[in-house]
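Okay, structure first, notes after.
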2 protein chains.
Amino acid sequence: MKLGVSPDIIPPRGHEAKRVSIMDAASEVFCRESFAGANIDMIAAEAGVSRQTIYNHHGDKEKLFVAIVRDLTERCNAGIFATISTFPDQPKDLEADLIAFAVRLNQNCICNRDGKFLRKLIQTEGERYPELFAEWREQGPGRTWPAIAARFARLAHAGFLDIDDPDVAARQFLALANAELQTTFMLGGTPDEDEVLQSATHGVRTFLRAFGKRQPAASAGKQGALANA
Amino acid sequence: MKLGVSPDIIPPRGHEAKRVSIMDAASEVFCRESFAGANIDMIAAEAGVSRQTIYNHHGDKEKLFVAIVRDLTERCNAGIFATISTFPDQPKDLEADLIAFAVRLNQNCICNRDGKFLRKLIQTEGERYPELFAEWREQGPGRTWPAIAARFARLAHAGFLDIDDPDVAARQFLALANAELQTTFMLGGTPDEDEVLQSATHGVRTFLRAFGKRQPAASAGKQGALANA
DNA sequence: ACAAATTTAGACACTCTTGTCCATTTCGTC
DNA sequence: GACGAAATGGACAAGAGTGTCTAAATTTGT
């Protein structure tokens, strides 16, 4: 291993390509077939790689599985935080902006490939790998919920919303935005753009009926003053 | 089969007991291990029955699985409809009554053994048995959602709520009532009574902020007069 | 073009699971 | 107590999947 000197971190190039295609194929197959139902030959075929290569890269089936869950968790979290950073802190049109945010969250984090796969794996194997998914729970909901809640708290503080408990409101916001996608999610389907938009629109409207200020920002300039009830 | 005359429908007694204990054990194991991960010996052991008995009763693994899904679907549906029939059509205290209803729905239909198992099986195997779960979709959400929506429509018509689209409102009601149980559901856990009550309380409060009449029933005496449903 | 590393295909041993068969025992009923 | 139906346990063949090993082919960096 004398070449460790200059390239240091970078293993061969094609090597990395194989690694990625193994991970891709494996998440696909594990999701479709469940851990027990998946087999290595299937993954190898789908990855366009020989079985031995998978063993070279990951050791065994279980290690491969763990690697995939970690990978998905990481990627999904990154996506969620990226999307949270687009939260409308200074909304021009509160309803439209929140709907757009809800749609982004759904499309980029929940309905996309990674989101769908991670959800499925958690549901399917969550009970069998408590420690692994405890990790997910901490990194995922444990960090993303509070981040969203903080954004809503800020929005309320700025006078755009009338919220008692931002944590509750944040969870309800997401629940409402996804209310009409539940059955599709259950069966492992992917809702199309229209469905996502519909659900988000209905959800945000209800959310604003519950938490919106009575008079929109346009008429009263200083709504922040007396607002609390 | 000469004894078919008087008992007619009733097969032997102990026979039926075995059947039940096989179904119980099998749902347990299929849920815990997924279809592919479950094995017949495990089920036999858990049922306190020999493997051969399972084959005598159900033919093969897949038939057993199908029988279980149908059984769970049926039982869950019955529970949901029974609970829907307790919907508060003439609420004394709208908030309290809706909270109690939401709690009943959760405890009796969603968080109980059957509900948990059916949900898990749908999530886990839904993609692999499209026809089987299409059946569930028709019998389940296809019939229960409209039934709940009809109840909300009636409540709105009677002047207790201000609802545009009862179908949307019904889905949002359930989404809100379960908003705080999502993570627990994901990981296959069973929320305790307090969690269910908390989530229902928060959810119903938000629901009523969105859809409740501005002035509570107390002040205006005759909202019931114009009601017809 | 060379040398090292990686990939490949195939064979292999091993284990686990399904579903069947059968002789024996137990159970429920009369 | 006797009869028939059902349950039992254990053996069994067949198949599938995991993980290892090997020699040959291919790719990669220099």
Side-chain angles (χ1 to χ4, degrees), chain A residues 1-26 28-68 125 128-129, chain B residues 1-26 28-68 125 128-129:
Chain A
M1 283 295 175
K2 44 185 76 161
L3 34 145
V5 184
S6 80
D8 213 15
I9 319 170
I10 314 157
R13 230 164 301 298
H15 195 259
E16 203 52 29
K18 300 272 175 194
R19 172 164 246 110
V20 172
S21 89
I22 291 172
M23 297 287 275
D24 281 358
E28 185 89 29
V29 174
F30 277 134
C31 274
R32 203 176 53 224
E33 315 283 345
S34 86
F35 179 80
N39 74 7
I40 301 286
D41 297 271
M42 220 183 281
I43 295 171
E46 203 143 321
V49 148
S50 83
R51 180 178 54 228
Q52 186 58 42
T53 301
I54 295 181
Y55 284 105
N56 289 342
H57 279 253
H58 290 98
D60 67 19
K61 192 179 174 184
E62 188 162 329
K63 289 207 192 76
L64 174 58
F65 179 74
V66 171
I68 279 164
E125 315 290 346
R128 190 192 314 288
Y129 296 87
Chain B
M1 282 297 172
K2 43 185 78 161
L3 34 144
V5 183
S6 79
D8 215 15
I9 319 169
I10 314 155
R13 231 162 302 298
H15 194 260
E16 203 51 30
K18 299 273 173 194
R19 173 162 247 109
V20 172
S21 91
I22 291 172
M23 297 288 274
D24 281 359
E28 185 90 29
V29 174
F30 277 134
C31 274
R32 201 176 55 225
E33 314 283 344
S34 85
F35 179 79
N39 73 6
I40 301 286
D41 297 271
M42 220 182 279
I43 296 171
E46 203 143 320
V49 148
S50 82
R51 180 177 55 228
Q52 186 58 41
T53 301
I54 294 182
Y55 283 105
N56 289 342
H57 278 253
H58 290 98
D60 67 18
K61 192 180 175 184
E62 188 161 329
K63 290 206 191 75
L64 174 59
F65 179 73
V66 171
I68 279 163
E125 314 290 345
R128 189 194 315 288
Y129 296 88

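Note on naming: letters A, B, ... go to the chains in the order of the sequence lines (proteins, then strands), and numbering restarts at 1 for each one. Basis for what follows: all heavy atoms, side chains included, without hydrogens, waters or symmetry-related copies.
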Checklist entry - Once you round it to whole Å, what is the distance between C1' of D:dT8 and OH of B:Y55? => result 15 Å
Next on the checklist: What's the closest nucleotide to the side chain of A:D60 if the choices are C:dT6, D:dG19, D:dA7?
Outcome noted: D:dG19
Checklist entry - Should the pair B:F30 and B:F35 be assigned to parallel (<30°), tilted (30 to 60°) or perpendicular (>60°) ring geometry? => result parallel
Next on the checklist: Could you tell me how far apart B:Q52 (CD) and D:dT8 (C1') are, to the nearest whole angstrom?
Outcome noted: 9 Å
Checklist entry - Which of residues 30-47 of chain A sit near DNA chain C, with a heavy atom under 4.0 Å from it? => result none
Item to check | Distance, nearest 0.5 Å, that separates CD of A:E46 from CG of A:D24 | outcome: 10.0 Å
Item to check | Earlier contact from the 5' end, DNA chain D, for A:E62 and B:S50 | outcome: B:S50
Item to check | Gap separating the CG atom of A:L64 from the NZ atom of A:K61, nearest 0.5 angstrom | outcome: 9.5 Å
Checklist outcome for this item: Nearest heavy-atom approach of A:A67 to A:H58 is CB-CD2, 4.2 Å
Checklist entry - Please give, in whole Å, the distance from D:dA6 P to B:I22 CD1? => result 13 Å
Checklist entry - Nearest-Å distance, CZ (B:R51) to P (C:dC21)? => result 14 Å
Checklist entry - Hey, what do you get for CG (A:N56) to CD (A:Q52), rounding to the nearest 0.5 Å? => result 4.5 Å
Checklist entry - So, for A:A36 and B:S34, which heavy atoms are closest and what is the spacing to 0.1 Å? => result CB-OG, 4.4 Å
Item to check | Nearest-angstrom distance from the residue atom NZ of B:K61 to P of D:dA16 | outcome: 14 Å
Checklist entry - Could you state the CD1-C1' distance from B:I54 to D:dA7, rounded to the nearest angstrom? => result 12 Å
Checklist entry - Given D:dG19, C:dT7, D:dT22, which nucleotide is nearest the side-chain atoms of A:N56? => result C:dT7
Checklist entry - Counting just side-chain N and O atoms, does A:H57 come under 4.0 Å of either OP1 or OP2 of C:dT6? => result no
Item to check | Contact check, side chains of B:K63 and B:D60, non-hydrogen atoms, under 4.5 Å | outcome: yes
Checklist entry - Atom CE in B:M23, atom CD1 in B:I43: separation rounded to 0.5 Å? => result 11.0 Å
Checklist entry - To the nearest angstrom, how far is B:H15 atom NE2 from C:dT26 atom P? => result 19 Å
Checklist entry - Rounded to the nearest Å, what distance is computed from the NZ atom of residue B:K18 to the P atom of nucleotide D:dA5? => result 19 Å
Item to check | Partner set under salt bridge (Lys or Arg N to Asp or Glu O under 4.0 Å) for A:R128, not counting sequence neighbours | outcome: A:E125, B:E33
Checklist entry - How bent is the helix from C:dA1-D:dT30 to C:dC30-D:dG1, comparing axes over its five end pairs at each side, to the nearest 10°? => result 50°
